[in-house]
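Right, one structure below, let's go through it.
Because the structure is a prediction, the values reported are computed rather than measured. Values below: every heavy atom of this structure, side chains too, minus hydrogens, waters and symmetry copies. Order of the sequence lines sets the chain letters (A, B, ...), proteins ahead of strands, with each chain counted from 1.
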Amino acid sequence: MKRLSESEFKRLFRRGVSQIINEDELLRMMQSGRPLRLKQGFDPSFTDIHMGHVVGLRKLRQFQQLGHQVVLIVGDWTARIGDPTGRSATRPMLTGDQVKANAQTYMEQFFKIVDKDRTEVRWQSPWFEKGIFGLEDVIRLSSKFTVAQFLAREDFARRYSEGHPIAITEFLYPLMQGYDSVMIESDVEFGGTDQVFNCMVGRQLQEMVGQKPQQVFLMPLLVGTDGVQKMSKSLGNYIGVTDPPAEMYGKTMSINDSMIIPYLELLTDVPDEEIEHFSTGMADGRLNPMTVKKRLAHELVKDFWSDKDAGEAADEFARTVQQKEVPDEIPVLKIAGGSTALLSAEISRAGLAKSRSEARRLLEQNAVEINGKTVNEDLEMGKIDDGSVIKVGKRRYIKVIREK
RNA sequence: GGAGGGAUGCCGGAGCGGCCAAUCGGAGCAGACUGUAAAUCUGCCGCCCUAAGGGCUACGUAGGUUCGAAUCCUACUCCCUCCA
């Protein structure tokens, strides 16, 4: 394995990195010529990968390109506990089948970014399964740590002081995650900054059994489309890797201007110099943030779909959002000849509003247009011409087709 | 085992007998504006009724007191804290 060039070093160790424990040691290991085992775990309690995860997966791919080996841990046991990181909501127990199905979907998405040929997939079951791992092991493992150590972890400390419950099983989570490191003889564990504690437990456990403790590679958490909280599915502020091009593009355009640069750094290969240029340009007003954001949106759609899709999504955005034109394809609402049904009822029936009350509110708020003309009155459907286009809100359309 | 505190709308969190479909913040939605589905401002934000009005269902669950309850009482369920 060759020495890292200056630019490779910067790309790997500086961009999109929050903290590396221990950087010098990791560098030494990389120069040794041995392919490193890069640990990345996930809980099959969810299926969809979003941009927040992509930050780490891209980093894994960069290491793979230098010949290193990813070891993907399917946390079929830890999924039963639920990672305490972040929120305290208890997760429902999953059945074995659900876990398998989730893992399947997850991996399909995972390998959109990470090189499958340089990935080893390991399930936790072989070392945590009943009959192999017993109470004795649980006791042995947990006796190595103290409550004070665990309460030092920021999010346990916070929940404890705020009077929020912490289940005993949640203490087991880091232990299990750490044990994984031992079982796969991990060289480096990758994770978001919220994973420090869990990763450090892995280091300690490895050391206790005489393994060389893993290095820890931490990446920043991506802020979600709301611009405040970390991107997560449960908060609904995410851009999924399987989102269709137009949606991916649109969601990206809706992010806060202040997040454009971080997104470019963490999610794209746009060169540093160019990002620097964007950054200063926007700061002194020479560049319109919208232009830069369009570039970002294009990059993302290009990476997950294709350059062509990105171009189409961009056109679509320009037409429907900026020029406020009607999109090419819109759903059809079939209506009987002399229907006396009211517009509000049909709007909610067609799913353009959650309830009829909401449809009425939208009418009042000038949010409903028929063929480009704002409508306030709750018309009878029979009075609407065949082929009319009804627009509700910013981007919900439907076309009326009359049946005889 | 004992003592205290709590359960409110998507989330956080007020209210503590009528003025409560419930203050406020966040999220969401809409309108205006705009160089963007950014920011900002304004409005909306349980459901149903062709409706300046009316009805129904809601404040952990089940009963009760009262002309009237999210607010008081009783039991139950769940959660938190402290003592043992």
Enumerate all atom pairs, one protein N or O and one N or O from nucleotides 40-43 of chain B, separated by less than 3.5 Å.
unit_1, atom_1, unit_2, atom_2, d
B/G43, N2, A/Gln365, OE1, 3.1

Enumerate all atom pairs, one protein N or O and one N or O from nucleotides 22-24 of chain B, separated by less than 3.5 Å.
none

Atom pairs, N/O to N/O, protein against nucleotides 82-84 of chain B, distance under 3.5 Å?
unit_1, atom_1, unit_2, atom_2, d
B/C82, OP1, A/Tyr160, OH, 3.4

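Contacts of A/Arg395 classified as salt bridge (Lys or Arg N to Asp or Glu O under 4.0 Å), with partners at least two apart in sequence or in another chain: none. With sequence neighbours excluded, no residue forms a salt bridge (Lys or Arg N to Asp or Glu O under 4.0 Å) with A/Lys334.
Using a cutoff of 4.0 Å between basic side-chain nitrogens and carboxylate oxygens, A/Lys251 and A/Glu247 are scored as salt-bridged. Between A/Glu23 and A/Arg14 a salt bridge is recorded (basic side-chain N to carboxylate O distance below 4.0 Å). Between A/Glu189 and A/Arg37 there is no salt bridge, since no side-chain N of the basic residue sits under 4.0 Å from a carboxylate O of the acidic one. Between A/Arg361 and A/Glu364 there is no salt bridge, since no side-chain N of the basic residue sits under 4.0 Å from a carboxylate O of the acidic one. Between A/Lys293 and A/Asp257 there is a salt bridge, since at least one side-chain N of the basic residue sits less than 4.0 Å from a carboxylate O of the acidic one. Salt bridge A/Arg122/A/Glu120: present, at least one basic N to carboxylate O contact under 4.0 Å.
Both the sub-6.0 Å distance and the 45° axial angle are satisfied by A/Arg153 relative to the ring of A/Phe156. For the pair A/Lys39 and A/Phe217, the cation does not sit on the ring face, since its NZ or CZ is not both under 6.0 Å from the ring centre and inside 45° of the axis.
Ring geometry, A/Phe197 versus A/Phe150: the interplanar angle exceeds 60°, so the pair is classed perpendicular (tilted spans 30 to 60°). Note on ring orientation: taking the six-membered ring where Trp is involved, the planes of A/Phe190 and A/Phe63 are perpendicular (angle over 60°, cut-offs 30° and 60°).
Note that the CG atom of A/Asp76 and the OG1 atom of A/Thr78 stand 7.5 Å from one another [nearest 0.5 Å]. Rounded to the nearest 0.5 Å, atoms CZ (A/Arg295) and CG (A/Leu300) are 11.0 Å apart.
Pairs engaging residues 289-314 of chain A under the ring-ring contact (aromatic ring centres under 6.0 Å, His included) rule: none recorded [sequence neighbours left out]. Applying the ring-ring contact (aromatic ring centres under 6.0 Å, His included) definition to pairs two or more places apart or across chains, none involves residues 328-367 of chain A. Applying the ring-ring contact (aromatic ring centres under 6.0 Å, His included) rule to pairs touching residues 249-285 of chain A yields A/Tyr249-A/Phe317, sequence neighbours excluded.
Computed from coordinates, the A/Asn237 CG to B/G26 C1' distance equals 13 Å when rounded to whole Å. Summarising the geometry, the separation between CD on A/Glu364 and C1' on B/A51 is reported as 10 Å, rounded to the nearest angstrom. Put simply, NZ on A/Lys383 is 14 Å from P on B/U50, counting in whole angstrom units. The separation between A/Lys394 atom NZ and B/C29 atom C1' is 8 Å, rounded to whole Å. One atom, NZ of A/Lys251, and another, C1' of B/U36, lie 18 Å apart when rounded to the nearest Å. Rounded to an integer number of Å, the gap from A/Met282 CE to B/A38 P is 16 Å. Here the P atom of nucleotide B/A38 and the CD1 atom of A/Ile255 are 11 Å apart, to the nearest Å. Between the C1' atom of B/A38 and the OH atom of A/Tyr249 lies a distance of 14 Å, rounded to the nearest Å.
If you take atom P in B/U36 and the same atom in B/A22, they sit 38 Å apart, rounded to whole Å. For the P atoms, the distance linking B/C47 with B/U66 amounts to 36 Å, nearest Å. Using atom P as the reference point in both B/G6 and B/A14, the two lie 11 Å apart (nearest Å). Distance check on atom P: B/G18 versus B/C45 gives 24 Å, rounded to whole Å. B/C41 and B/U23 have their C1' atoms separated by 22 Å, given to the nearest Å. Here, B/G60 and B/A69 have their P atoms 15 Å apart, quoted to the whole Å. Remark: the separation of the C1' atoms in B/C16 and B/C59 is 12 Å, to the nearest Å. Comparing B/C78 with B/A30, their P atoms sit 43 Å apart, to the nearest whole Å.
The residue A/Leu343 sits apart from the nucleic acid: no heavy atom pair falls under 4.0 Å. Within the nucleic acid shown, A/Gly393 comes within 4.0 Å of sugar-phosphate atoms alone, with no base atom in reach, counting heavy atoms only.
In the model, A/Thr225 has no side-chain atom that pairs as donor or acceptor with a side-chain atom of A/Asn237 under 3.5 Å.
Using a 4.0 Å cut-off on heavy atoms, the residues of residues 310-323 of chain A that approach RNA chain B are A/Phe317, A/Val321, A/Gln322, listed by number. Applying a 4.0 Å cut-off to non-hydrogen atoms, the residues of residues 256-265 of chain A that approach RNA chain B are A/Asn256, A/Asp257, listed by residue number. The stretch residues 347-363 of chain A touches RNA chain B through A/Ser355, A/Arg356, A/Ser357, A/Arg360, A/Arg361, A/Leu362, each having a heavy atom within less than 4.0 Å of the strand.
A donor-acceptor pair is defined here as one N or O able to donate and one able to accept, closer than 3.5 Å; no such pair exists between the side chain of A/Glu358 and the backbone of A/Ser355.
You'll find that the side chain of A/Arg396 is closest to B/A30, out of B/U36, B/U34, B/A30. With distances taken from any side-chain atom of A/Ala367 to the nucleotides B/U50, B/A30, B/U36, the minimum falls on B/A30.
Between A/Gly250 and A/Thr340, it is A/Gly250 whose nearest contact on RNA chain B lies nearer the 5' terminus. Positionally, the nearest nucleotide of RNA chain B for A/Arg395 lies more toward the 5' end than for the other of A/Glu380 and A/Arg395.
Between A/Tyr179 and A/Phe133, the ring centre distance stays below 6.0 Å.
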> Could you go step by step and tell me if A/Asp180 and A/Gln177 meet the side chain to side chain donor-acceptor pair (under 3.5 Å) rule?
Replying inline: CA-CA 5 Å; A/Asp180 292 342; A/Gln177 184 171 332; over 6 Å; no
> Checking ring-ring contact (aromatic ring centres under 6.0 Å, His included) for the pair A/Phe110/A/Phe42: CA distance, chi angles, key distance, verdict?
Replying inline: CA-CA 10 Å; A/Phe110 184 84; A/Phe42 84 98; 7.3 Å; no
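Residue A/Lys112 places its NZ atom among more than 12 non-hydrogen atoms of other residues, nucleotides or ligands, all under 6.0 Å distant.
Stretches of at least 3 consecutive Watson-Crick or G-U wobble pairs, with each checked distance under 3.5 Å, appear in RNA chain B as B:1-7 with B:77-83, B:10-12 with B:24-26, B:28-32 with B:40-44, B:46-49 with B:53-56, B:60-64 with B:72-76.
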